[in-house]
Q: 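Pasting a structure below so you can have a look.
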Amino acid sequence: MRIALKVLFLLIITVSCKNNSTKEETNNINEQHKILKGNSYKNTEANDLNEKGVDLSITGNYYEAQIAFKKSLKIEPDNPTTLSNLGLNNFMLYEYDNAIKYYQEAYKISDSTYHMAAINLGLTYYYKKEFIKGIEITTYVINNTTDTSILSTAYTHRALNFIGNNNCDKAKTDLEHIKSNYRGMQNVAYNIIDLNNKLNACIELNP
């Protein structure tokens, strides 16, 4: 059984970077793209199509990538890696409802163990302003994994949803936890700055 060598990059953690990005922000987006080992593929062609979708996505060819992912999914319809990648693909095309559908299916098929889909789902809820749902799914991940990479992202996405829900105190608690436990990890320093800025705005609006 061949292990997929590529999974679509972990969803962009910093909210400010997705819209109207500066050159510096774009560089930070690129730094946050993580190529990870994915779920096992039983079929080599399905794996190759998924990797093709990843490569196309990295270069910004999201529509072509979507075709490749859907071909992979047709071969292995219950593969959470491909489903999650389709979720991120739709997110990058601003198709948030479709993104949520694919993330939820990936998580359901994995029996709620494919946490990458869940943390990406949490950020998508943030963009849809469904903050309570974002808080619930990221809290579930935090309570059910020990993977520090997943945890750092889950805390970040939960903090964003707390901020969106004007719960500045809880967002501050999550931010302090991130600073204390994940500061040395890749991209976390940038995320701390981003969260600090958003938290300060939250506090100003909710004195």
Q: Is there a path of hydrophobic side-chain contacts, each under 4.5 Å between heavy atoms of I, L, V, M, F, W or Y residues, that connects Leu88 with Tyr62?
A: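 In one cluster with Leu88: Tyr62, yes.
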Q: I'd like to know if the side chain of Asn165 and the backbone of Asn167 have a donor-acceptor N/O pair within less than 3.5 Å.
A: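 No; judged by distance alone, with no hydrogens or angles, the pair does not exist.
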Q: If you round to the nearest 0.5 Å, how far is CD1 of Ile163 from CG of Asn200?
A: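 Between Asn200 CG and Ile163 CD1, I get 9.0 Å after rounding to 0.5 Å.
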Q: Give a yes or no on whether Glu45 atom CD has more than 12 heavy-atom contacts from other residues, nucleotides or ligands under 6.0 Å away.
A: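 No, because the 6.0 Å sphere around CD of Glu45 holds 12 heavy atoms or fewer from other groups.
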Q: Using side chain to side chain contact (heavy atoms under 4.5 Å, CB included), reason through Thr173 and His177 one step at a time and then give a plain yes or no.
A: CA-CA 6 Å; Thr173 299; His177 183 84; 5.8 Å; no
Q: In terms of hydrophobic clustering (I, L, V, M, F, W, Y; side-chain heavy atoms under 4.5 Å; direct or indirect links), are Ile67 and Leu56 co-clustered?
A: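 Not linked; separate clusters.
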Q: Does NZ belonging to Lys179 count more than 12 external heavy atoms closer than 6.0 Å?
A: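 Enclosed.
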Q: Verify the cluster assignment for Tyr126 and Leu175: are they in a single hydrophobic cluster under the rule of side-chain heavy atoms below 4.5 Å apart?
A: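 Same cluster.
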Q: Compare all side-chain heavy atoms of Phe69 with those of Leu49 and state whether any distance is below 4.5 angstrom.
A: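 Sidechains of Leu49 and Phe69: no contact.
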Q: Going by the angle between their ring planes, with limits at 30° and 60°, are Phe91 and Tyr127 parallel, tilted or perpendicular?
A: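 Answer is perpendicular, since the angle exceeds 60°.
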Q: Determine whether the side chains of Asn89 and Gln66 contain a donor N or O and an acceptor N or O closer than 3.5 Å.
A: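 A pair is found: one side chain offers a donor N or O, the other an acceptor, under 3.5 Å apart.
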Q: Compute whether any side-chain donor of one residue and acceptor of the other, for Thr59 and Asn61, lie under 3.5 angstrom apart.
A: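 Yes, side-chain donor-acceptor contact under 3.5 Å.
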Q: How long is the straight-line distance from OG1 of Thr124 back to NZ of Lys133, given to the nearest 0.5 Å?
A: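 It is 12.0 Å, given to the nearest 0.5 Å.
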Q: Main chain of Leu86, side chain of Asn90: is a donor-acceptor contact present, judged purely on distance under 3.5 Å?
A: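 Checked: pair present.
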Q: State the CG-CD1 distance between Leu123 and Ile137, to the nearest 0.5 angstrom.
A: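 If we round to the nearest 0.5 Å, Leu123:CG and Ile137:CD1 are 13.0 Å apart.
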Q: Any chance you could measure Tyr103, atom OH, to Leu83, atom CG, to the nearest 0.5 Å?
A: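 Between atom OH of Tyr103 and atom CG of Leu83 there are 11.5 Å.
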Q: How far apart are the closest heavy atoms of Ala117 and Ala106, and which atoms are they?
A: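 Residues Ala117 and Ala106, closest heavy atoms: CB-CB, 3.9 Å.
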Q: Is there a side-chain contact between Leu93 and Tyr63 in this structure, where contact means two heavy atoms from C-beta onward sitting under 4.5 Å apart?
A: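 Touching, per the 4.5 Å side-chain cut-off.
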Q: How about Ile132 and Tyr125: do any of their side-chain heavy atoms sit closer than 4.5 Å?
A: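 With C-beta onward as the side chain, the pair stays apart.
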Q: Dump the intermediate steps for side chain to side chain contact (heavy atoms under 4.5 Å, CB included) on Ile192 and Tyr182, then the final yes or no.
A: CA-CA 10 Å; Ile192 288 172; Tyr182 310 115; over 6 Å; no
Q: State yes or no: do Val141 and Leu151 share one hydrophobic cluster built from I, L, V, M, F, W and Y residues joined by side-chain heavy-atom distances below 4.5 Å, directly or via other members?
A: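 Looking at the clustering, Leu151 is in the same group as Val141.
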Q: Taking all non-hydrogen atoms of both residues, which atom of Lys42 and which atom of Glu76 are closest, and how far apart?
A: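 Looking at all heavy atoms of both residues, the shortest contact is N-OE2, 2.8 Å.
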Q: So, for Ala159 and Ala171, which heavy atoms are closest and what is the spacing to 0.1 Å?
A: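 In this case the closest contact between Ala159 and Ala171 is O-CB, 3.7 Å.
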Q: What is the distance from atom OG1 of Thr139 to atom OH of Tyr155, rounded to the nearest 0.5 Å?
A: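 One finds 9.0 Å between OG1 of Thr139 and OH of Tyr155.
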Q: Looking at side-chain heavy atoms only, is the closest gap between Ile100 and Lys128 below 4.5 Å?
A: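 Sidechains of Lys128 and Ile100: in contact.
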Q: With a 3.5 Å cut-off and no angle check, do the side chains of Tyr41 and Thr82 form a donor-acceptor pair?
A: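 Result is yes, a qualifying pair exists.
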Q: Does the side chain of Ser84 come within less than 4.5 Å of Asn120's, by heavy atoms?
A: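 They are in contact (side-chain heavy atoms under 4.5 Å apart), so the answer is yes.
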Q: Which heavy-atom pair separates Pro80 from Ile109 by the least distance, and what is that distance?
A: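 Nearest heavy atoms, Pro80 then Ile109: CD-CG2, 4.3 Å.
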Q: Side-chain contact, heavy-atom cut-off 4.5 Å: Thr148 with Met185?
A: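 Yes; the side chains approach each other to less than 4.5 Å.
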Q: Can you measure from CD (Gln186) to OG (Ser152) and round to the nearest 0.5 angstrom?
A: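 OG of Ser152 is found 10.0 Å from CD of Gln186.
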Q: Taking the side chain as every heavy atom from C-beta outward, state whether Ile178 and Asn191 have any pair of such atoms under 4.5 Å apart.
A: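 Not touching, per the 4.5 Å side-chain cut-off.
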Q: Compare every heavy atom of Gly53 with every heavy atom of Ala65, then report the nearest pair and how far apart it is.
A: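 Shortest heavy-atom separation between Ala65 and Gly53 comes out as CB-O, 3.4 Å.
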Q: Check whether Phe162 and Ile142 end up in the same hydrophobic cluster, where Ile, Leu, Val, Met, Phe, Trp and Tyr are linked by side-chain heavy atoms less than 4.5 Å apart.
A: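 No, Phe162 does not connect to Ile142 through the hydrophobic network.
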Q: Ion pair present between Lys170 and Asp174, side-chain N to carboxylate O less than 4.0 angstrom?
A: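 So Lys170 does not pair with Asp174 through a salt bridge.
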Q: Just so I know, are the side chains of Leu121 and Tyr107 near enough to count as touching, which here means a heavy-atom distance under 4.5 Å?
A: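 A side-chain contact under 4.5 Å is absent here.
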